[in-house]
2 protein chains.
Amino acid sequence: MAGSRDEGTIPAELLTALNKNSPVPLYHQLATALEQAIRDESLPPGARLENEIALGQRLGLSRPTVRRAIQELVDKGLLIRRRGVGTQVVQSGVTRDLGLTSLYEDLSLLGQSPETRVLHHEVRPATAEEAEQLALEPGAPVLHLVRLRLARHVPLAVLDNTLPTDSTDISREDLEEHGLYDLLRHRGVNMRIARQRISAREATPYESELLGIGKDAAVLTMSRTAIDTTGRVVEFGRHCYRPDLYSFEITLVDR
Amino acid sequence: MAGSRDEGTIPAELLTALNKNSPVPLYHQLATALEQAIRDESLPPGARLENEIALGQRLGLSRPTVRRAIQELVDKGLLIRRRGVGTQVVQSGVTRDLGLTSLYEDLSLLGQSPETRVLHHEVRPATAEEAEQLALEPGAPVLHLVRLRLARHVPLAVLDNTLPTDSTDISREDLEEHGLYDLLRHRGVNMRIARQRISAREATPYESELLGIGKDAAVLTMSRTAIDTTGRVVEFGRHCYRPDLYSFEITLVDR
DNA sequence: AAGTGGTCTAGACCACCTC
DNA sequence: AGGTGGTCTAGACCACTTC
């Protein structure tokens, strides 16, 4: 019970940076400002925030707007709220990047080291598993891809993807230059949901050669179905990663 | 562009089951009812919901309450909303269990097959890594545990956990009978946030013997720090799983 | 032009925790 | 008893999509 004295209340005057005419929502502007304050420790671990109403009044915002901003950081695992008590910054090194998980890690990695080799590129009938995952009739034409992804010239992952009919005209050249998600976005397909299953297994001989790892070495596997804004399945992927170079980070929040 | 005709609108009259005096929030009651309707396909894949205002009027709820219920299902990946268009049930087999991820899979597995063997149980000074992860001074006393988790008498995972000072009096016997999270909960420690990192590697000789797998076979690894409702780190765990018996499911939603 | 979800406000009542 | 977050309402205006 030895009390940890709560740190002083410093909600930062810098929040005057709220722009009411910006296209970015006020709750998100506030959430971003608070997150920054937490990460540079002007709001140190354990610090208590003002209550929602007072904070809203100081900022000229309504309580629901303030609540929504705070909720965003609660969902990220940066703040903790308790009824009757208040809102505090979580303890421990929050500073380290959390990341969300592979969908986004993939994207940011692409920005750093845009090397992709297309190993296989073929339109063929869907297998039973592919049809099942893509919600197609078995035998429907699909585009099957195998790519090798490298970062800093080191092989990182083998990506096996299957796409339904409307995307079968994506070319090899496009894929060497751009990420799959970028290509789809430029074609008007916007990803909204990804369902992923993560596990591990021994590498196949083909994979160990590609990845430059020992025979039967362990690989991290992820299979995913992605759904776009219209609710249709637009991609099914089976990926395997070098586990010494790749991992998935997840933050779970119990509500 | 071949149109997928939107299915008829059947928001189910059964939603009369809303109980305004229940301690469970109205938005969650509604979300649960909608989720059930989706899973038993009385709201089939692709079906469009009524708009939020109309739905609210029919149910005697305000729009924010209806919105919050819908948002819950959007976050679960069951519904998709588009401005100017409407709200639809996602395509593809949603019926299959989604699960959230290991924190919850652990808990539900416990209910099915409560076998745990405590292999190691010792209070000792924290290593550098443990101190770092638990936000303690190096050398502070911690409880170090190694447990073998079995399901249906088959070894499933090796769990290596470290707990800070206030939990060092948890006994071996307690751990054989109950899950770690149950024990902590009964001691007034309620988990709120878990930060997890998932990867893979080859099993150590010790692990392969315990798990009954080949030498150097692949294992799925997860390391986690858990934070309770007061914002303190209360557990650090390094787990490894048989990848043929265990995987992590994640649903990502892009907002 | 009409209809949808996205944002924001102002205020109310309640449940819970602490003192 | 007082202060906190949790829930819920009623209404307003806007941005986007579709026709």
Side-chain angles (χ1 to χ4, degrees), chain A residues 1 3-6 9 11 18-31 47-57 59-75 79-89 188 190 192 228-231 253-255, chain B residues 1 3-6 9 11 18-31 47-57 59-75 79-89 188 190 192 228-231 253-255:
Chain A
M1 311 282 179
S4 59
R5 277 276 149 270
D6 286 323
T9 315
L18 292 181
N19 177 3
K20 214 136 184 167
N21 291 333
S22 160
V24 45
L26 287 169
Y27 65 81
H28 191 250
Q29 292 183 45
L30 176 53
R48 271 216 321 260
L49 258 61
E50 274 179 276
N51 75 60
E52 297 170 343
I53 296 145
L55 191 53
Q57 279 179 343
L59 300 171
L61 296 176
S62 72
R63 191 188 167 197
T65 302
V66 173
R67 268 186 74 76
R68 182 152 180 190
I70 292 176
Q71 187 61 45
E72 212 175 283
L73 299 185
V74 168
D75 291 343
L79 290 178
I80 287 203
R81 276 200 285 213
R82 276 183 297 165
R83 191 192 296 211
V85 178
T87 304
Q88 305 184 43
V89 179
N190 288 290
R192 186 59 67 86
D228 77 349
T229 49
T230 71
V253 178
D254 185 28
R255 306 202 211 187
Chain B
M1 312 284 177
S4 59
R5 277 276 150 273
D6 286 322
T9 313
L18 291 182
N19 176 2
K20 214 136 185 168
N21 292 332
S22 160
V24 46
L26 285 169
Y27 65 82
H28 191 251
Q29 292 183 45
L30 176 53
R48 271 214 324 257
L49 259 61
E50 274 178 277
N51 75 60
E52 297 169 342
I53 295 145
L55 191 53
Q57 281 180 341
L59 300 172
L61 297 175
S62 72
R63 190 186 168 200
T65 303
V66 173
R67 267 185 74 75
R68 182 151 180 192
I70 292 176
Q71 187 61 46
E72 210 174 284
L73 299 185
V74 169
D75 291 344
L79 290 179
I80 288 202
R81 275 198 286 213
R82 277 183 298 166
R83 193 192 293 210
V85 179
T87 305
Q88 309 184 41
V89 178
N190 288 290
R192 186 60 69 87
D228 76 349
T229 48
T230 72
V253 178
D254 185 26
R255 308 201 211 189

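Chain naming here is simple, since letters A, B, ... match the order of the sequence lines and numbering starts at 1 in each.
Glu50(B) has its CD atom 13 Å from the C1' atom of dT4(C), to the nearest Å. Taking atom CD of residue Gln88(A) and atom C1' of nucleotide dC17(C), one finds them 13 Å apart after rounding to whole Å. Remark: P of dT18(C) and CZ of Arg82(A) are 6 Å apart, rounded to the nearest angstrom. Nucleotide dT4(C) holds its P atom 8 Å from the CD1 atom of Ile53(B), rounded to whole Å. Spacing between atom CG of Leu55(B) and atom P of dG3(C) amounts to 18 Å, rounded to whole angstrom units. Summarising the geometry, the separation between CD on Glu52(B) and C1' on dG6(C) is reported as 9 Å, rounded to the nearest angstrom. Distance CG (Asn190(B)) to P (dC17(C)): 10 Å, rounded to an integer number of Å.
Partners of Arg68(B) by salt bridge (Lys or Arg N to Asp or Glu O under 4.0 Å), not counting sequence neighbours: none found. With sequence neighbours excluded, no residue forms a salt bridge (Lys or Arg N to Asp or Glu O under 4.0 Å) with Glu72(A). Looking at residues two or more places apart in sequence or on another chain, you find a side chain to side chain contact (heavy atoms under 4.5 Å, CB included) between Gln29(A) and Leu18(A), Asn19(A), Ser22(A), Val24(A), Leu26(A). With sequence neighbours left out, the side chain to side chain contact (heavy atoms under 4.5 Å, CB included) criterion links Thr229(A) to Asn190(A), Arg192(A), Arg82(B).
Of all heavy-atom pairs spanning Val66(B) and Leu55(B), the tightest one is CG1-CD2, 4.0 Å. Closest heavy-atom contact between Arg81(A) and Val74(A): NE-CG2, 4.1 Å. Nearest heavy-atom pair, Thr87(B) versus Ile70(B), reported as atom, atom and distance to 0.1 Å: CG2-CG2, 4.1 Å. Counting all heavy atoms, side chain and backbone alike, Ile53(A) lies closest to Asn51(A) at N-OD1, 3.0 Å.
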Summarise protein proximity over nucleotides 7-15 of chain C in one line of letters, 5' to 3': B for base, S for sugar-phosphate only, - for none, counting protein heavy atoms closer than 4.0 Å.
BSBB-B--B

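Close to dT4(C), at under 4.0 Å from its OP1 or OP2, lies a side-chain N or O of Asn51(B).
Axis deviation across the helix from dA1(C)-dT18(D) to dT18(C)-dA1(D) amounts to 10°, comparing end segments of five pairs, rounded to 10 degrees.
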